[in-house]
Each structure stands twice: as C-alpha cells, then as structure tokens.
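Here is the structure we will look at.
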Amino acid sequence: MPPRPGLTTERLVDVASTLIEREGPNGLSLARLAKEVGVKTPSLYNHIAGLQGLQRQLRLRGLDTLAETLSRAAMGRAGKEALVAVANAYRDFAKQQPGLYTLTLRSTEENDADIQQAGRRVVEVVLAVLRGYGLEGEDALHATRYLRSTLHGFVSLEIGEGFGLELSPSDTFDCILDALDHSLSTSFRRDK
C-alpha cells in the first residue's frame, strides 16, 4: 500500500510531540497517533518503525531541541552569566515541553550513534560553561552531574506543582543559581 499523501515521518513526529505534551509520554500509542492523523494504525509503519521507532524519533527531537536551546543561551557568555543563561534555558525547555524533556533524561550511552551524538551535543554545551569555571576532565563530568541533578530536581518539582508556599519559585531558582555559581567557583574541584 503506498504511503498516504501528506503523511510523513516528520508530520507523525510533530503530531506525536503534541500528543505527549498534552497527555504525557506514557499516553502515546500508535492507535492514538493513527486516530489523531486520520489513518489506520498499519499505515503508520510506512513512516515509522513502530512505537519504539517513534519514541526514538521523539527522543532525538528532544535532545536536539535541548542542545540547540542551551547552545543559543550560552553563546557569547562565560562564567556565571553563561551558567544563569543555560540554567534558565533548561528550566524554560522543561516547563514549555515537559513531554520532550522527560524523553531527554535517560542516559544516551547506548548502542545508537544518533542518540549518542545528540546527547554529546547537550553535554558539550554544559562542559563549555564549566570550562569558564576552570573545570576540566573528571571534575567537569562530576560538575555536569551536579548541575543536571540540581536543575532537574527543581524543574521536576516545578512541573509537578510541588511548590505550594507563597514564595516565588523564580526567587528560589535565583538562590540556587547563586549557590551553584559559588560552589563551581570555589569548592567543586576534587583536587582541593
């Protein structure tokens, strides 16, 4: 059966992306996607390699979008200015596209060259920011985990409506960024 005109892999990934933002990554199914685009489920296989292939495409989109977003934020900045810009871009990405954000969380150290490359692009932006703090090698990798864990914890609570006090989450985030900057500047190197 020939592919339906106007139905492409890119279009299916676009629609699936909208679905996961509306219903969460666990709400995605091929039957749901087929209904959304007005075809029978078997027709999707002309464009995607099943649900696993679709999830891979969405994950690549999420990693590529995150890498591009962080890279734009870091451009022309160094030190705390770069840290703040990248952290805010990360937070905004997670808040605006929580479905895609969720798909970026799993390790990219797997047997998929495209996923590995997309993951490396994200990490390279962070490592560039950390070089502004004089962090290299293993120290920079530990600092990357530290930064990611801190930001992920905050945005996960924020997305999940975990902040109920009458305090501004943005003020708290600014305090976290000050603490991260101080830690990366003064005490994060393991050789001290």
Side-chain angles (χ1 to χ4, degrees), residues 13 16-29 32 55-75 77 79-110 115 118-130 132-133 135 138-190:
V13 174
S17 181
T18 300
L19 283 172
I20 66 168
E21 296 310 336
R22 192 168 60 218
E23 301 172 15
N26 294 332
L28 182 63
S29 70
R32 181 74 181 93
Q55 290 168 333
R56 178 185 177 276
Q57 291 294 324
L58 287 165
R59 189 163 178 228
L60 279 169
R61 177 174 286 184
L63 289 166
D64 287 344
T65 302
L66 180 58
E68 184 178 318
T69 299
L70 298 182
S71 183
R72 271 196 318 266
M75 190 74 61
R77 296 181 168 94
K80 185 176 182 182
E81 183 184 7
L83 173 69
V84 169
V86 166
N88 279 305
Y90 183 94
R91 180 183 179 203
D92 290 344
F93 172 75
K95 286 170 56 175
Q96 293 165 7
Q97 298 181 72
L100 279 181
Y101 170 72
T102 299
L103 296 174
T104 69
L105 298 177
R106 199 172 85 222
S107 171
T108 58
E109 298 299 314
E110 57 190 61
I115 295 287
R120 266 193 305 275
R121 286 183 53 224
V122 174
V123 173
E124 286 169 4
V125 174
V126 176
L127 291 175
V129 171
L130 294 173
Y133 287 91
L135 295 169
E138 280 191 17
D139 287 343
L141 295 176
H142 288 297
T144 298
R145 285 181 173 172
Y146 169 63
L147 182 59
R148 182 182 187 208
S149 298
T150 303
L151 296 177
H152 173 67
F154 183 89
V155 300
S156 293
L157 287 167
E158 188 171 36
I159 291 168
E161 299 178 4
F163 297 132
L165 299 176
E166 293 290 324
L167 293 171
S168 163
S170 292
D171 289 348
T172 303
F173 196 68
D174 289 344
C175 291
I176 288 170
L177 295 179
D178 287 342
L180 285 168
D181 174 63
H182 178 75
S183 178
L184 293 170
S185 297
T186 62
S187 62
F188 200 81
R189 286 182 194 79
R190 293 166 28 103

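In this structure, Val129 and Ala74 approach most closely via the heavy-atom pair CG2-CB, 4.3 Å. Val125 and Val86 make their closest contact through CG1-CG2, 4.4 Å (heavy atoms, listed as atom of the first residue, atom of the second, distance). Scanning both residues, Ala179 and Tyr146, for their nearest heavy atoms gives O-OH, 4.5 Å. Contact detail for Phe173 and Ala87: the closest heavy-atom pair is CZ-O, 3.6 Å. In terms of heavy atoms, Ile159 sits closest to Ala94 at CD1-O, 3.2 Å. Contact detail for Leu105 and Arg148: the closest heavy-atom pair is O-NH2, 2.6 Å.
With values rounded to the nearest 0.5 angstrom, Leu135 atom CG is found 11.0 Å from His142 atom NE2. Rounded to the nearest 0.5 angstrom, Thr18 OG1 and Glu23 CD are separated by 10.5 Å. Once rounded to the nearest 0.5 Å, the distance linking CD of Gln57 with OG of Ser17 reads 12.0 Å. Atom-to-atom distance recorded for Leu60:CG and Thr108:OG1 is 10.5 Å, nearest 0.5 angstrom. Separation of atoms NZ (Lys80) and CG (Leu184) is listed at 11.5 Å; rounding is to 0.5 Å. The line from CG of Leu103 to CG of Leu28 is 9.0 Å long, rounded to the nearest 0.5 Å.
Two rings, from Tyr90 and Phe154, have their centers 6.0 Å or more apart.
Residues Leu63 and Arg121 have side chains not in contact (no heavy-atom distance under 4.5 Å, counting atoms from C-beta outward). Using a 4.5 Å heavy-atom cutoff, the side chains of Arg61 and Thr65 are in contact. Side-chain contact between Leu83 and Leu147: present, with at least one pair of heavy atoms (C-beta onward) separated by less than 4.5 Å. Within the 4.5 Å cutoff, the side chain of Arg32 has heavy atoms near those of the Leu19 side chain.
Between Glu158 and Arg91 there is a salt bridge, since a side-chain N of the basic residue sits under 4.0 Å from a carboxylate O of the acidic one.
Here the side chain of Thr144 pairs a donor or acceptor atom with the backbone of Ala140 at under 3.5 angstrom. At distances below 3.5 Å, at least one donor-acceptor pair connects side-chain atoms of Glu21 with backbone N or O atoms of Leu100. Between the side chain of Arg59 and the backbone N or O of Arg106 there is at least one donor-acceptor pair closer than 3.5 Å. Remark: side-chain polar atoms of Arg145 are not paired, donor with acceptor, to backbone N or O of Leu141 under 3.5 angstrom.
The residue from Leu70, Thr104, Asn88 that alone fulfils the side-chain contact (heavy atoms from CB on, under 4.5 Å) condition with Phe93 is Thr104.
With a 6.0 Å radius and a threshold of 12 heavy atoms from other residues, nucleotides or ligands, Glu110 has its CD atom above the threshold.
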